[in-house]
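Numbered from 1 within each chain, the chains take letters A, B, ... in sequence-line order.
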Amino acid sequence: MDKHFYITTPIYYVNDVPHIGHAYTTLACDVLARYKRSRGYEVAFLTGTDEHGQKVETAAKANGETPLELADRVVKRFQALWEKLNCSHTDFIRTTQERHKHTVCEQFKKIEASGDIYLGYYEDWYCTPCETFWTETQLLDGTCPDCGRETSKLKEESYFFKMSKYQDQLIKHIEDHPEFIQPKSRRNEILSFVREGLRDLSISRTSFSWGIPVPGNEKHVLYVWFDALTNYISALGYPEDKEGQFEKFWPAVHVIGKDILRFHAVYWPTFLMAAGLPLPEKIFAHGWWTVEGQKMSKSLRNVVEPNMLVDKYGVDAIRYFLLREVPFGLDGDFSHSALVNRVNSDLANDLGNLVSRTTAMLGKYFQGELPAPGPLSETDQALVERFPKTLEKVDKQLEEMAFNKALMSIWELISAGNKYIDDTAPWTLAKNPEQQEQLGTVMYNLLEGIRIISLLVAPFMPETGAKIQTILGCDGNNLVLEGQDQWGGLQPGVQIEKAAPLFPRIETE
RNA sequence: GGCGGUGUAGCUCAGUUGGUUAGAGCAUGCGGCUCAUAUCCGCAGUGUCCGGAGUUCGAAUCUCUGCACCGCCA
């Protein structure tokens, strides 16, 4: 079995500042990366920034700075956010880095050498105020569909990639690999798009200069997607692969927002085909967040700022909410009331309180010293047996990137723990000295259950996982399921103090 | 306009190949417990399964049709 795993976020465009959408994508990747590590995989987790293109060039000019100065500034904000959100990426790539430019040039030369790139003319309608090209059919009565102003026909020399050549090969690949594009609804969209026919793709521009020059023809810079998509292999050191990273990790799982699906599911695979490289393992397009029921937009000024959320609610609460609230792949709504509701009922009442009441009872009944379990009753047995079943289920669900389902499965364990306390009524057992052993078994089972729960929860909420491990006297830096997911990991005799509340309830008026 | 999807409890949704009384969480109401962060556990609901027609012994599920909303393409 291949114990390597490569997961990527898109590289984020520096013309935008980080918002909840960026955070969502990156966190989803982080959860998967952490889970895979926890399962013994060597993980490469890549994120980064897309820094070229006309919009950046223009924005920088307007700010009186160079494009690179602008990028440097924005990159810091992304990096700071990932740190704040506890993201465990192993590399951060910038398209302005030499290693990236090198790979892009090599990739261009390779495809050109195979005869799939040719020089032609790119002809379209251009809206000067919007600085955007439109195709004939996109125009509304000959005017710009965005602003309604006049457009003019512009003819520009351009390099083209023979994308049309790969149409059938791509269709076949998508048909043969049902998991390639997910969710299914997106797969169908792409399939019907490709079946309608692929045109050759313009991959260079002469109208601006902030980009990677075309090898051998400096008048042209490479079109932003040819440049950007290549990051997934340039970060691995392709083509020289001096450190063997490409060999080890490619192909990747790409997690993206649904808006950039076509570039990843059509352009990128055909580029790879032309270069003779294996296609990505999986491309998963997730949905968008609305905010309090409204579309997020700069003009509505409702863009959710992740830093503020973390300061207000804590990292783990945000991480939990984003991945629990909505099925990955569907759109969701972000609202403060939903967030507070989740934190209070799931985190404070269910998980936090389970840890509190259990550790409190251990203190009260055993002075905090973990007793050895005795023989198991039917009730005990039923609880214990849930764990291996859930571990297996969660593994499947995360394989399918069904984060919310995985969390629901974990929460079934937490509920079972709370119910187990009710069923066994330790406070009653404690009154009868003859039931001391039975009481000890109950306490052991609860704490051992909490130990496994903490490891399951750790990829989603690393701080919480570590906190609970520490409370139990385990290593909070070793949040690994592999080899530690068997029942009975806790050693009787360890001292466990009553835990402070993990998640204080958020009181609302 | 073409293709695809969705419509189930107050809210968010799950419902496998058609098969007993249609489910979960949250919210609501009632009861129980006292270890716990006033937390936990149990019980109770309410549903024209979007409308209509059809196939079938039997339809939330299959077919046709109408309506509403959404996505992709043009």
Checklist entry - Can you check whether A:Phe403 reaches A:Leu398 side chain to side chain, under 4.5 Å on heavy atoms? => result yes
Checklist outcome for this item: Per the under-4.0 Å heavy-atom filter, residues of residues 398-407 of chain A near RNA chain B come out as none
Item to check | No-hydrogen, no-angle side-chain donor-acceptor test under 3.5 Å, A:Glu434 and A:Asn432 | outcome: no
Next on the checklist: On RNA chain B, compare the nucleotides closest to A:Arg186 and A:Leu330; which residue's is nearer the 5' end?
Outcome noted: A:Leu330
Item to check | Watson-Crick or G-U counterpart of B:C35, or none if no pair lies under 3.5 Å | outcome: none
Item to check | C1'-based separation of B:G32 from B:A68 [nearest Å] | outcome: 46 Å
Item to check | Any-strand Watson-Crick or G-U partner of B:U63, both distances under 3.5 Å | outcome: B:A53
Item to check | Rounded interatomic separation in angstrom, taking CG from A:Leu429 and C1' from B:C33 | outcome: 14 Å
Next on the checklist: Say we look at B:G1 and B:G66: how far apart would their P atoms be, to the nearest angstrom?
Outcome noted: 13 Å
Checklist outcome for this item: From CG of A:Leu362 across to C1' of B:A36 the rounded distance in Å is 14 Å
Checklist entry - Do you see a donor-acceptor pair shorter than 3.5 Å between the side chains of A:Gln397 and A:Ser409? => result yes
Checklist entry - When you compare B:U20 with B:C43, how far apart are their C1' atoms, in angstrom units rounded to a whole number? => result 23 Å
Checklist entry - In B/S/- notation, 5' to 3', how is nucleotides 37-43 of chain B contacted by protein heavy atoms closer than 4.0 Å? => result B-SBSS-
Item to check | Polar contact flag, side-chain donor to acceptor under 3.5 angstrom, A:His254-A:Trp268 | outcome: yes
Item to check | Pairwise P distance for B:C3 and B:U65, with rounding to whole Å | outcome: 12 Å
Checklist entry - Can you find a side-chain donor-acceptor pair between A:Thr26 and A:Thr47 that sits under 3.5 Å? => result no
Item to check | Same-atom distance (P) from B:A36 to B:U46, integer angstrom | outcome: 37 Å
Item to check | Test of ring centre spacing under 6.0 Å for A:Trp288 and A:Phe334 | outcome: no
Next on the checklist: Looking at B:A36, I'd like to know if its phosphate oxygens (OP1 or OP2) sit under 4.0 Å from a side-chain N or O belonging to A:Lys364.
Outcome noted: yes
Next on the checklist: Expressed as a whole number of angstroms, how long is the span from A:Leu198:CG to B:A74:P?
Outcome noted: 11 Å
Next on the checklist: Can you see if the side chain of A:Arg262 gets near the phosphate of B:C73 - specifically, an N or O under 4.0 Å from OP1 or OP2?
Outcome noted: yes
Item to check | Between C1' of B:C35 and CE of A:Met361, the distance in whole Å | outcome: 4 Å
Checklist outcome for this item: Between CH2 of A:Trp411 and P of B:U12 the distance, given in whole Å, is 23 Å
Checklist entry - Which pairs count as salt bridge (charged side-chain N to carboxylate O under 4.0 Å, His left out) when at least one residue sits in residues 420-431 of chain A, sequence neighbours excluded? => result A:Lys419-A:Asp423
Checklist outcome for this item: To the nearest angstrom, the CG-C1' distance between A:Asn341 and B:G25 comes to 10 Å
Next on the checklist: Is it the case that the ring center of A:His52 lies less than 6.0 angstrom away from the ring center of A:Phe226?
Outcome noted: no
Item to check | Assigned partner base of B:C26, Watson-Crick or wobble definition, under 3.5 Å | outcome: B:G10
Checklist entry - Which whole number of Å gives the distance between the C1' atom of B:C50 and that of B:U6? => result 11 Å
Next on the checklist: Do A:Tyr232 and A:His264 pair up side chain to side chain, a donor and an acceptor below 3.5 Å, judged on atom types alone?
Outcome noted: yes
Next on the checklist: Any non-hydrogen side-chain atom of A:Arg34 less than 4.5 Å from a side-chain atom of A:Asp30?
Outcome noted: yes
Item to check | C1' atoms of B:G10 and B:G18, separation to the nearest Å | outcome: 30 Å
Checklist entry - When the ring centroid of A:Tyr118 is compared with that of A:Phe160, is the distance short of 6.0 Å? => result yes
Checklist entry - Paired with B:G71: which nucleotide, if any, by Watson-Crick or G-U wobble criteria at under 3.5 Å for both distances? => result B:C3
Checklist outcome for this item: Separation of B:G5 atom P from A:Gln182 atom CD, nearest Å, is 17 Å
Next on the checklist: For the P atoms, the ones on B:A60 and on B:A22, what distance do you get once it is rounded to whole angstrom?
Outcome noted: 10 Å
Next on the checklist: In whole Å, I'd like the distance from the CZ atom of A:Phe321 to the C1' atom of B:G25.
Outcome noted: 14 Å
